[in-house]
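Reading through the C-alpha cells given below for one structure.
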Amino acid sequence: MEVFRQFTFDAAHRLDHLPEAHKCGRVHGHTYRLIVRAEGPVAAPVGWVIDFAELKAKVHAVIDQLDHRLLNDIQGLEQPTTEHLAAWIWDRLHPTLPELTMLELWENANSGVRYTGPAAIGDDT
C-alpha cells in the first residue's frame, strides 16, 4: 500500500547560467509543496504502513534545513533547480525512510517534478 503526506516550505534561490534577461537569474522565492510517498505492507497489529507522525518528523528533519533559506547557500544546491532540489531532498530522506518511493516537488501551482531516485534519471546525485 502507498501512503503520502504533503508539506510546504518557503525558500529563495537564483539560477545561474541563464541568459542575462531571464527572470530566474534574479533572487526570487517560492512556497514549495512537497508530497512524500512511501510504500510497504500494512503492518499488523497496528494497521499502517508508517506512522504519519514518524513520517512528518523525518521529512521535517530535512526540510527544516531549507525553510526560509537562500538555497544557493546550501552545500549541494549551488544550482537549485526544482529537479536538483528534489534529488537533494531524496538523498537526505531516503536513508531514514527506506519505504520512500516518490517525491513530488511543486515550485508553484503549475510547475513541479516527480522524482523516484537516482536510477530514474541515471545520475549519482
Side-chain angles (χ1 to χ4, degrees):
M1 180 167 300
E2 182 181 60
V3 297
F4 58 90
R5 184 169 173 129
Q6 180 173 286
F7 304 86
T8 60
F9 63 95
D10 297 292
H13 70 151
R14 72 176 184 287
L15 300 179
D16 300 326
H17 316 292
L18 298 175
E20 189 173 315
H22 198 290
K23 66 181 181 177
C24 292
R26 296 186 299 271
V27 174
H28 62 285
H30 297 285
T31 296
Y32 290 95
R33 182 167 52 108
L34 175 67
I35 302 171
V36 176
R37 298 180 181 275
E39 190 173 294
V42 176
V46 71
W48 60 39
V49 173
I50 186 171
D51 181 355
F52 282 118
E54 180 184 352
L55 178 62
K56 179 181 174 182
K58 289 178 179 190
V59 173
H60 273 286
V62 175
I63 64 174
D64 286 351
Q65 299 172 54
L66 306 169
D67 193 34
H68 285 82
R69 309 253 183 213
L70 178 61
L71 298 177
N72 300 75
D73 292 342
I74 297 172
Q75 186 174 0
L77 287 176
E78 293 79 12
Q79 181 69 355
T81 61
T82 305
E83 294 87 342
H84 285 159
L85 184 54
W88 188 94
I89 293 168
W90 178 282
D91 289 347
R92 282 141 189 87
L93 186 56
H94 190 259
T96 66
L97 185 65
E99 303 91 349
L100 183 63
T101 56
M102 182 191 305
L103 298 176
E104 287 186 36
L105 183 62
W106 294 77
E107 68 175 34
N108 59 45
N110 302 309
S111 303
V113 300
R114 288 185 176 156
Y115 187 72
T116 55
I121 59 174
D123 71 2
D124 53 359
T125 304

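Count residues from 1 along the sequence.
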[X] side chain near [Y] side chain, heavy-atom distance below 4.5 Å:
| X | Y | result |
| --- | --- | --- |
| Val42 | Val49 | yes |
| Leu66 | Trp88 | yes |
| Pro80 | Leu15 | yes |
| Ile63 | Phe7 | yes |
| Ser111 | Thr82 | no |

Please step through side-chain contact (heavy atoms from CB on, under 4.5 Å) for the pair Trp48 and Glu54, ending with a clear verdict. CA-CA 12 Å; Trp48 60 39; Glu54 180 184 352; over 6 Å; no

Check against side-chain contact (heavy atoms from CB on, under 4.5 Å), Leu103 and Ile35: CA-CA 6 Å; Leu103 298 176; Ile35 302 171; over 6 Å; no

Is the Tyr32 ring parallel, tilted or perpendicular to the Phe9 ring (thresholds 30°, 60°)?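 Rings of Tyr32 and Phe9: parallel, as their planes differ by under 30°.
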
Can you say whether the rings of His94 and Trp90 are parallel (under 30°), tilted (30 to 60°) or perpendicular (over 60°)?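 Parallel.
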
Which residue pairs pass the salt bridge (Lys or Arg N to Asp or Glu O under 4.0 Å) test when at least one of the two sits in residues 1-30, sequence neighbours left out?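 Qualifying pairs: Glu2-Arg37, Arg14-Asp16.
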
Hey, does the side chain of His30 reach the backbone of Glu107 with a donor-acceptor pair shorter than 3.5 angstrom?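 The answer is yes, because a donor-acceptor pair under 3.5 Å joins these two groups.
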
Check against side-chain contact (heavy atoms from CB on, under 4.5 Å), Thr96 and Val62: CA-CA 10 Å; Thr96 66; Val62 175; 5.8 Å; no

Heavy-atom closest contact (Arg69 atom, Ile74 atom, distance):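 The answer is CB-CD1, 4.3 Å.
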
Side-chain H-bond candidate by donor/acceptor type, Thr101 with Glu39, under 3.5 Å: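 No, because no side-chain N or O of Thr101 sits under 3.5 Å from a partner of the opposite role on Glu39.
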
Between Thr8 and Leu34, does the side-chain contact (heavy atoms from CB on, under 4.5 Å) criterion hold? Intermediate values first, please. CA-CA 6 Å; Thr8 60; Leu34 175 67; over 6 Å; no

In one Ile/Leu/Val/Met/Phe/Trp/Tyr side-chain cluster, 4.5 Å: Val36, Phe52: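 Yes; tracing contacts between hydrophobic side chains, which count when under 4.5 Å, links both residues.
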
